[in-house]
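Computed from a prediction, not measured in an experiment: that's the story for all the values here.
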Protein chains: 2
Amino acid sequence: MVAADAGVSRATVSRVVNGSPKVRPEVVESVNAAIERLNYVPNRAARSLASHHTQSVALIVPGDMTKFFGDPYFAAVVQGITNRLDESDYTLNLLVASSDPRHKTMRYLRSGNVDGALVISHHTGDDFVANLETAMPVVFGGRPTNHSGRNNYFVDVDNIAGAVSGVQHLIDLGRRRIGTITGPVDMPAGIDRLTGFRHALDEAGLPGDAIEHGDFTAAGAAAATRRLLERHPDVDALFVASDLMAVGTMGVLAEKGRLVPRDIAVVSFDDSPAATSGPISLTTVSQPSKEMGFAMADLLLRLLADDEAVPHHNIMPTRLVLRESA
Amino acid sequence: MVAADAGVSRATVSRVVNGSPKVRPEVVESVNAAIERLNYVPNRAARSLASHHTQSVALIVPGDMTKFFGDPYFAAVVQGITNRLDESDYTLNLLVASSDPRHKTMRYLRSGNVDGALVISHHTGDDFVANLETAMPVVFGGRPTNHSGRNNYFVDVDNIAGAVSGVQHLIDLGRRRIGTITGPVDMPAGIDRLTGFRHALDEAGLPGDAIEHGDFTAAGAAAATRRLLERHPDVDALFVASDLMAVGTMGVLAEKGRLVPRDIAVVSFDDSPAATSGPISLTTVSQPSKEMGFAMADLLLRLLADDEAVPHHNIMPTRLVLRESA
DNA sequence: TCCGACCGCGAGAGCGCTCTCGTCGAGAGC
DNA sequence: GCTCTCGACGAGAGCGCTCTCGCGGTCGGA
């Protein structure tokens, strides 16, 4: 094998491969040469067995994956994650946190098959996840609901500030009857964006009662928009909690003959590809989705590397992107 | 460990865990009891090391993942895959087939880190994949372009027949000037749907020249639709090669004031959530996305189990779903 | 000059399984 | 009743790494 070829012991090869500083540069050199020459790739299984870690991390997504992956926002986050992981030699394992047979996933996770986990779109009630945290480092995408302990790591955007900036833009435009289609109110992102909506309106002394709840899907938002229009026909602006939902909203508005932005101005959230796919491009609160994914993976990797002083959370800024809808 | 607890040798425990028939039922019984009692979970790394297989398969997606995952159709396929895998004890590794550093992914794959691979949305020119096939079983989602050898396994839908049924519906409706927004013509799905479009029109003696190419994204389709409308203002029906693209098309039609279905009838392909998310629900050629994913995983698993007589391909039927747009 | 500290490296023992053999006992055949 | 066969199980050798020790050589200080 490599050791013989380089004229050193297997232990030294191991040291070189693992980047130990306790090897003379010239030896490192010759070992690397031998590795190159023999096209050697260390065996992952053997490595795991001996070292007690697996070099792989789990990506845990909610059970109804279609809702998850169908959203370009999440797609971008995943992209960011893989980008970061590609630079390391960690592998991504895709797991579904189906609530039903949680045992199977949980058993898998807890029996040392992954070194850490990335959790996205986590609803309340998944105590499943809390359980996980006792077994390995976990990084959340979006602030977890049960933001209990010091051991909570997550990356998120400032949803409140983002929502405020979006709604403020509507106010600055002179709109006075502003409604919102919220995200699920059992998810922090949904809650925070609603909070920001209220803040901005309170601040301006405007009524904040035109609220309908959506579920981060286009169809759900369409239904919510219908309800809102029925109850508050006088709205002249809408803050929609995600681009994908805004697509549903725009459909209903078109159907009802309400012109955007003339009759109703619309601001949404995400700045995903969905924002520019429709006939009217959306003014939206941009969040750096890919960067968030990247940051999540980065945080987890640093945790796994026993990096001291890893920040517990990474709150990224939003930016209002002006387009046609408002 | 378990062996001691059950009063047998480790070899026998191994046999039981792996379902060998050469063990007496009563022994199986007591070993299983011991496993239950001790909450034993076999160590994956050790197992891999000794047995030379990893119990994990790769899901290889194209580099621009956003395009991939942003499409609800693919989301459903992935869901089907995980559903099947959940029944086994195989794990899914998500890999990106970025064309640039193909070496890294390839090295990973070829050095025994996965037992098999699932490849989706494979463009021409990824000879990268052909390479893969020499190293492990590979199952494609959609007929691969270089459908060369006997060693090609894939599951697909009958895109030609599906397209014919969709276009035929338009003809039956009395439309005589039918155009199409195609998928990428370097992908079999794009090609076949176009072929079906032409077949149906030829059959009916109608002109089949109103063609613009899209790329399976809403934005691309919007642009293509604009071009088409400009070159052929007289079209009275459109066959759009995917729901997501149809969303873009519908936007442009609304913008141009063309009423659907009155002025222009639209039939698309997929029957993904995107088909019902807009203001006008889409008549679409439904393909069993989730089932396809399931079938892909199932095929691969059977290949890995050395199942004799595994069909080389699994062509699933389509079904026209009538909604508002045509 | 001698001693101890320290640094770079090799020897060798596992990590937790699988799998090939070999053994032992029970039933079949004579 | 004796051998022969065959099926169920155990013994034990790896699988390809990592990691702890400890050894030898070098260097600085007294």
Using a cut-off of 4.0 Å on non-hydrogen atoms, how would the nucleic acid contact of Val17(B) be classed: base, sugar-phosphate, or nothing?
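Answer is nothing: Val17(B) stays at 4.0 Å or more from every strand.
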Do [X] and [Y] touch side chain to side chain, with heavy atoms closer than 4.5 Å?
X: Asn32(A); Y: Ile35(A); answer: yes
X: Pro311(A); Y: Arg302(A); answer: yes
X: Met316(B); Y: Asp156(B); answer: no

Atom-pair distance ([atom1] on [X]; [atom2] on [N]), nearest Å:
X: Arg15(A); N: dG10(C); atom1: CZ; atom2: P; value: 7 Å
X: Leu38(A); N: dG16(D); atom1: CG; atom2: C1'; value: 15 Å
X: Lys22(A); N: dG10(C); atom1: NZ; atom2: C1'; value: 16 Å

Would you mind telling me which of [options] lies closest to the side-chain atoms of [X]?
X: Arg47(B); options: dG16(D), dG10(D), dC17(C); result: dC17(C)
X: Tyr40(A); options: dC17(C), dC17(D), dC19(D); result: dC17(D)
X: Ala46(A); options: dG10(C), dC15(C), dC17(D); result: dC17(D)
X: Arg10(A); options: dG16(D), dT18(D), dA11(D); result: dT18(D)
X: Val8(A); options: dT18(D), dA8(D), dG10(C); result: dG10(C)

Is the phosphate of dC9(D), meaning OP1 or OP2, less than 4.0 Å from a side-chain N or O of Thr12(B)?
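Negative; the distance criterion is not met.
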Asn43(B) vs dC15(C): side-chain N/O to OP1/OP2 distance below 4.0 Å:
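Looking at the OP1 and OP2 atoms of dC15(C), neither is under 4.0 Å from any side-chain N or O of Asn43(B).
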Please figure out whether Glu26(A) or His53(B) has its closest DNA chain C nucleotide nearer the 5' end.
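Per heavy-atom nearest nucleotide, the more 5' residue is Glu26(A).
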Do you know which two heavy atoms are closest between Val119(A) and Met296(A), and how far apart they sit?
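Looking at all heavy atoms of both residues, the closest pair is O-CE, 4.1 Å.
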Using both distances under 3.5 Å as the test, list the Watson-Crick or G-U wobble partner of dA13(C), or none.
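dT18(D) is the nucleotide pairing with dA13(C).
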